[in-house]
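We name chains A, B, ... by the order of the sequence lines, and we start the count at 1 in each one.
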Protein chains: 2
Amino acid sequence: MKTDLRIFKTKEALRNALMHLLEQKSLNSISVTELCQLAKVNRGTFYAHYGQVENLFEEYFKTIMEDLADSYQEPYKYVQNLLSKDLNPATIRIFHHIEKYQPFYHIVFSKTVPLAYYYLLFDHVQTLIKDDVSEHYGNGIDIDISMVSAYQANAILGLAIEWHRQDFKQSAEDMNQLLVRVLSI
Amino acid sequence: MKTDLRIFKTKEALRNALMHLLEQKSLNSISVTELCQLAKVNRGTFYAHYGQVENLFEEYFKTIMEDLADSYQEPYKYVQNLLSKDLNPATIRIFHHIEKYQPFYHIVFSKTVPLAYYYLLFDHVQTLIKDDVSEHYGNGIDIDISMVSAYQANAILGLAIEWHRQDFKQSAEDMNQLLVRVLSI
DNA sequence: ATATTTAATGAACAAGTGTACAATAAAATT
DNA sequence: AATTTTATTGTACACTTGTTCATTAAATAT
């Protein structure tokens, strides 16, 4: 069962309007009213599909997270000769992924946005890392894998935050090399 | 020049009302109207001092951050025999600090709150760690100290987030021991 | 092509937001 | 104690929010 064309058009119009507005102002400052005016969609129609502007953004968010997962699956092309003992491709690919979706991450890392988005990102990275951590330490080890992966996932995101704060002036490649050095300390 | 008694009373009433409301509902769902009704303060008066409910919360935030800094200055009492090579007292004291202000951190780590609060916390921890990092690696080293401290600060906060997610079921002491183990891996 | 289903619209509602200003009352100053 | 200063109040305004519902119109099914 495919979705009604009208629904598709409505959602598309709202998505385009949101992307347009996000270039000018922050997510939290976008009102339902102005979004609907720009999208030429009735306000009631918006509320029929989304409860708030954030929910619309979350649809976009999901597609980005799919790319993050895809990046993880992808062959590891860029840093063959930079591997340290505990460094795995997933942790390294993330900087290229962030670079690719820089405008998006500019929003996700912006101060006014709810912590929920950071957590969604955190969850994805933690899940990717969790597999490697549990594989690395086996089953019988007496340490909370969730804690170890939370530590490592958020450490990487700490670099991403600092990268964002420095206006992404470094290249993704620079960030990879930095990560390798930090891990080898 | 001391502040007008009326201002003090107004702010006190608003602060108490906020603390009361935060026990029942999330920060972002508290309206200016209900806050002022509970505090018995005119809505116009609220806007004379704060632009939004969040600004009021930020005043409380500052006092907590002062305690975090104080904790750092305090003699290191709890983990004399757990020190690993790179582990310093500041990173360890943070779990006791979080435990002490658990209701506060429950709010700061809640999904609906803006990322700004996380960043404020991040900044404080990063600053504390920065001193140790630069001391440890000297001046002539060719690595971005901000990046290294961002990595380490956020790694610790990753543990704090996971701790929060597991409803603070571990003791601060448990978290200290966990940190030492993660660092020694 | 027509009938049926269902999404979008427009209008109206109560409630909250942010701002402004004259009137009042409570502090600080003399 | 009287005067001056200034914070608070009450009221009003235009606006946004979230919701409801009958009407309209577009898409799907026959």
Side-chain angles (χ1 to χ4, degrees), chain A residues 1-61 107 110-117, chain B residues 1-60 62 107 110-117:
Chain A
M1 175 185 154
K2 50 193 163 188
T3 54
D4 195 303
L5 242 179
R6 289 167 293 183
I7 295 178
F8 181 81
K9 285 177 183 171
T10 296
K11 289 195 169 188
E12 187 180 52
L14 288 170
R15 191 168 54 247
N16 289 338
L18 179 65
M19 290 303 134
H20 202 263
L21 286 171
L22 279 174
E23 288 166 14
Q24 300 159 20
K25 54 202 301 188
S26 67
L27 181 59
N28 65 312
S29 71
I30 297 171
S31 73
V32 174
T33 300
E34 68 176 330
L35 181 74
C36 290
Q37 275 170 356
L38 185 62
K40 299 200 195 312
V41 163
N42 191 274
R43 219 158 48 80
T45 306
F46 173 89
Y47 283 111
H49 294 294
Y50 308 97
Q52 51 196 49
V53 180
E54 278 76 13
N55 296 0
L56 175 57
F57 180 74
E58 279 154 28
E59 274 197 351
Y60 177 48
F61 196 100
I107 296 160
S110 68
K111 288 183 180 185
T112 55
V113 127
L115 195 51
Y117 302 131
Chain B
M1 176 185 152
K2 50 193 164 188
T3 53
D4 196 303
L5 242 179
R6 288 168 295 184
I7 296 178
F8 181 83
K9 284 178 185 172
T10 296
K11 290 196 169 187
E12 188 179 52
L14 287 171
R15 192 168 54 248
N16 288 338
L18 178 64
M19 292 301 133
H20 203 263
L21 285 172
L22 279 173
E23 289 166 14
Q24 300 158 21
K25 55 203 298 189
S26 69
L27 181 59
N28 65 314
S29 70
I30 296 171
S31 74
V32 173
T33 300
E34 69 176 327
L35 181 75
C36 290
Q37 277 171 353
L38 185 62
K40 298 198 197 313
V41 164
N42 191 275
R43 216 159 51 81
T45 306
F46 172 89
Y47 283 109
H49 294 294
Y50 309 98
Q52 50 196 55
V53 179
E54 279 76 12
N55 296 0
L56 175 57
F57 180 74
E58 279 155 28
E59 273 198 351
Y60 177 49
K62 279 179 192 159
I107 296 160
S110 67
K111 288 183 179 183
T112 55
V113 128
L115 195 52
Y117 301 131

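- Atom NZ in K9(A) sits about 12 Å away from atom P in dT9(C), given to the nearest Å.
- Close to dT9(D), at under 4.0 Å from its OP1 or OP2, lies a side-chain N or O of T45(B).
- When each of dT16(D), dA28(C), dA8(C) is scored by its nearest atom to the side-chain atoms of L5(B), the top-ranked nucleotide is dA28(C).
- Closest-nucleotide positions on DNA chain D for I7(B) and V32(A) were compared, and the one nearer the 5' end corresponds to I7(B).
- If you check dA27(C), dA8(C), dG10(C) against the side chain of N42(A), the one that comes closest is dG10(C).
- Residue-to-nucleotide contacts include no donor-acceptor pair under 3.5 Å from the side chain of R43(A) to the base of dT9(C).
- When distances are taken from the side chain of V41(A) to each of dA8(C), dT17(C), dT9(C), the shortest belongs to dT9(C).
- Q37(B) places its CD atom 14 Å from the C1' atom of dG10(D), with the value rounded to the nearest Å.
- Rounded to an integer number of Å, the gap from CD1 of I30(A) to C1' of dT16(D) is 15 Å.
- When distances are taken from the side chain of S31(A) to each of dT19(D), dT9(D), dT16(D), the shortest belongs to dT16(D).
- Between T10(A) and dA7(C) there is no side-chain polar atom (N or O) within less than 4.0 angstrom of OP1 or OP2.
- The D4(A) side chain lies nearest to dA27(D) when the options are dA27(D), dA27(C), dA8(C).
- Here K40(B) does not reach the OP1 or OP2 of dT9(D): none of its side-chain N or O atoms lies under 4.0 Å away.
- The side-chain heavy atoms of L27(B) and L22(B), taken from C-beta on, include a pair separated by under 4.5 Å.
- For F8(B) and dT8(D), the CZ to P distance is 13 Å, given to the nearest whole Å.
- Here dA7(D) presents its P atom at 17 Å from CZ of F46(B), a figure rounded to the nearest Å.
- With a 6.0 Å radius and a threshold of 12 heavy atoms from other residues, nucleotides or ligands, K40(A) has its NZ atom at or below the threshold.
- OP1 or OP2 of dA15(C) has not a single side-chain nitrogen or oxygen of T33(B) nearer than 4.0 Å.
- Picking from dT17(D), dG16(C), dA25(C) the nucleotide with the shortest atom distance to the side chain of R6(B) gives dA25(C).
- Look at CD on E34(A): it is 13 Å from P on dG18(D), rounded to the nearest Å.
- Looking at heavy atoms from C-beta onward, E59(B) lies out of side-chain contact with H49(B) at the 4.5 angstrom threshold.
- Taking the six-membered ring where the residue is Trp, F46(B) and Y50(B) present tilted rings, their angle falling between 30° and 60°.
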- request: Start with the C-alpha gap between I107(A) and Y117(A), add the side-chain angles, then the distance that decides, and say whether side chain to side chain contact (heavy atoms under 4.5 Å, CB included) holds.
  value: CA-CA 10 Å; I107(A) 296 160; Y117(A) 302 131; over 6 Å; no
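- Side-chain N/O atoms of H49(A) include one lying less than 4.0 angstrom from OP1 or OP2 on dA8(C).
- Distance, K11(A) NZ to dA8(C) C1': 14 Å, rounded to whole Å.
- Taking atom OH of Y47(B) as the reference point, atom C1' of dG18(C) lies 5 Å away to the nearest angstrom.
- Here the options are V53(A), N16(A), I30(A), the test is side-chain contact (heavy atoms from CB on, under 4.5 Å), and the partner is L21(A); only I30(A) passes.
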